[in-house]
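Predicted model, so just to flag it, every value in this text is computed and none were measured.
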Amino acid sequence: TDFVFDGTKDGWYVENDATAPLGHYGRTKALGEAAIRAQIDDHLILRTSWLYSAHGHNFVKTMLRLATNNADMRVVADQVGCPTSAHDLADALLRLVDTNHRGTFHLAGTEEATWHEFAVGIVEAAGSAVEVEAIATTEYPTRAPRPANSRLDSTAIANATGIRLPGWCTSLPAVIDEMSIAYSAPESSSASMASSSSIDSGFDDHRRAAGRRRPAARGAGVSASEVAMWRADAARFAVDSGTILGRAVVPDVCSTSAIS
């Protein structure tokens, strides 16, 4: 975790920077790293940061829930890190276990963002018009202190293995697609409002007509090519049916408006 650092460095953290966790969570992680190094020579420790996916509890799902409810959104703009797709990380882990590389590496998304910039990118990628207000950390106190700078430099593992995770601008739309969240199109578009359940039903009919099944999940007898085909079909279905889905709304979530 990036929480092994105190966030005071003026720049990206590299593997040999001194750890200085601010809270209990970071301290236990740092102690865990030290215990592994002391007891297991053949080890691979990977630090990552700001994980998000279509599953579990994470920042992306929270922002989408708030946007769906048209809630006022106030997000911290003075903490910066590297949002990392859990899907990208999992794929990288599967590749790394088959290598002989050992030691401690950083493995995180390659693009930085503040929480506010990330939140703006999320709601825009989902087609929401909800405004996101930038606030300071002092306006949103938490029980556990968080580092102001969580940027992890993943150059070392890229140089050693050739593995480099995409940035959040590339990976976020696919995660939103997987969540099957639908929003209405802008008034100038002919697309109509549709519920997630009706979109899912229509898309499944579309898939069956094409003679293809919908993959339930990666790792359940589903290949990467099937998942890629499903996503391509989803984008094609969105266009053909006039339904706006995730990636079809804002293809480039890193537009100037998304991070200004």
Side-chain angles (χ1 to χ4, degrees), residues 1-13 22-23 25-26 47-89 106 108-154 165-179 181 183 186 246-247 249-260:
T1 176
D2 50 298
F3 275 44
V4 298
F5 300 114
D6 62 11
T8 60
K9 181 177 180 179
D10 183 18
W12 295 58
Y13 279 96
L22 298 175
Y25 175 76
R47 296 175 181 148
T48 193
S49 68
W50 292 25
L51 283 171
Y52 66 92
S53 79
H55 311 285
H57 300 286
N58 58 77
F59 186 76
V60 169
K61 295 184 73 174
T62 298
M63 292 300 102
L64 289 174
R65 174 175 53 80
L66 293 174
T68 302
N69 296 331
N70 291 316
D72 292 333
M73 297 174 64
R74 304 172 72 242
V75 181
V76 170
D78 55 2
Q79 295 177 20
V80 63
C82 301
T84 305
S85 165
H87 308 264
D88 294 338
L89 182 62
H106 292 171
T110 51
E111 293 168 338
E112 66 177 280
T114 65
W115 286 118
H116 175 260
E117 290 170 341
F118 191 30
V120 171
I122 292 166
V123 298
E124 289 197 358
S128 172
V130 171
E131 294 291 328
V132 184
E133 178 186 351
I135 64 172
T137 298
T138 53
E139 297 178 74
Y140 187 74
T142 57
R143 293 181 60 185
R146 294 175 176 269
N149 174 22
S150 291
R151 292 172 295 178
L152 300 180
D153 186 335
S154 302
L165 300 190
W168 66 271
C169 299
T170 300
S171 298
L172 175 63
V175 171
I176 293 179
D177 282 351
E178 185 176 349
M179 293 170 66
I181 291 182
Y183 292 88
R247 180 164 36 196
V249 177
V250 182
D252 181 8
V253 299
C254 273
S255 62
T256 302
S257 61
I259 61 175
S260 60

Derivation and outcome, side-chain contact (heavy atoms from CB on, under 4.5 Å), residues Leu64 and Ile122: CA-CA 7 Å; Leu64 289 174; Ile122 292 166; 3.8 Å; yes
For Leu165 and Ser154: C-alpha separation, side-chain torsions, deciding distance, then whether side-chain contact (heavy atoms from CB on, under 4.5 Å) applies. CA-CA 9 Å; Leu165 300 190; Ser154 302; over 6 Å; no
List the steps, then state whether side-chain contact (heavy atoms from CB on, under 4.5 Å) holds for Gln79 with Ser150. CA-CA 8 Å; Gln79 295 177 20; Ser150 291; over 6 Å; no
Is there a side-chain contact (heavy atoms from CB on, under 4.5 Å) between Thr62 and His57 once you walk through the steps? CA-CA 8 Å; Thr62 298; His57 300 286; over 6 Å; no
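Closest heavy-atom contact between Ala67 and Val123: CB-CG1, 3.9 Å. Taking both residues in full, the closest heavy atoms of Met179 and Ala54 are given as CG-CB, 3.4 Å, listed atom of the first, atom of the second, then distance. Closest approach of Thr8 and Tyr13 over heavy atoms only: N-OH, 3.1 Å. Considering every non-hydrogen atom in both Leu89 and Leu51, the closest pair reads CD2-CD2, 3.8 Å. What you find for Trp50 and Gly81 is that their closest heavy atoms are CH2-N, 3.2 Å. Looking at every heavy atom in both residues, Thr48 comes nearest to Ala108 through OG1-CA, 3.9 Å.
For the pair Glu139 (side chain) and Ala136 (backbone), a donor-acceptor distance under 3.5 Å is present. Remark: the backbone N or O of Cys82 is paired with a side-chain donor or acceptor of Thr84 at under 3.5 angstrom. The closest donor-acceptor contact from the side chain of His116 to the backbone of Val132 lies under 3.5 Å.
Between Thr110 atom OG1 and Asp153 atom CG the span is 10.5 Å, to the nearest 0.5 Å. Atom OG of residue Ser128 and atom CE of residue Met63 lie 11.5 Å apart, to the nearest 0.5 angstrom.
By the 4.5 Å heavy-atom criterion applied to side chains, Val80 and Arg151 are counted as neighbours. Two residues are said to be in side-chain contact when any heavy atoms from C-beta on lie closer than 4.5 Å; Phe118 and Tyr52 meet this criterion. Counting heavy atoms from C-beta outward, Glu112 and Trp12 have side chains that approach closer than 4.5 Å. Put simply, the side chain of Arg146 does not reach to within 4.5 Å of the side chain of Val76, judged on heavy atoms. With contacts defined as side-chain heavy-atom distances shorter than 4.5 Å, the pair Val75/Tyr140 does not qualify. Counting heavy atoms from C-beta on, the side chains of Glu178 and His55 come closer than 4.5 Å. Looking only at side-chain heavy atoms (C-beta outward), Pro147 and Phe3 come within less than 4.5 Å of each other. Under the 4.5 Å side-chain criterion, counting only non-hydrogen atoms from C-beta, Leu172 is in contact with Val60.
Remark: the Ser49 side chain and the Asp2 side chain contain no N/O donor-acceptor pair separated by less than 3.5 Å.
Under the salt bridge (charged side-chain N to carboxylate O under 4.0 Å, His left out) criterion, Arg47 pairs with Glu33, not counting sequence neighbours.
Screening residues 125-136 for salt bridge (charged side-chain N to carboxylate O under 4.0 Å, His left out) gives Arg74-Glu133 as the qualifying pairs, with residues at least two apart or on separate chains.
The six-membered or imidazole ring of Trp115 lies near that of Phe59, with a centre-to-centre distance under 6.0 Å.
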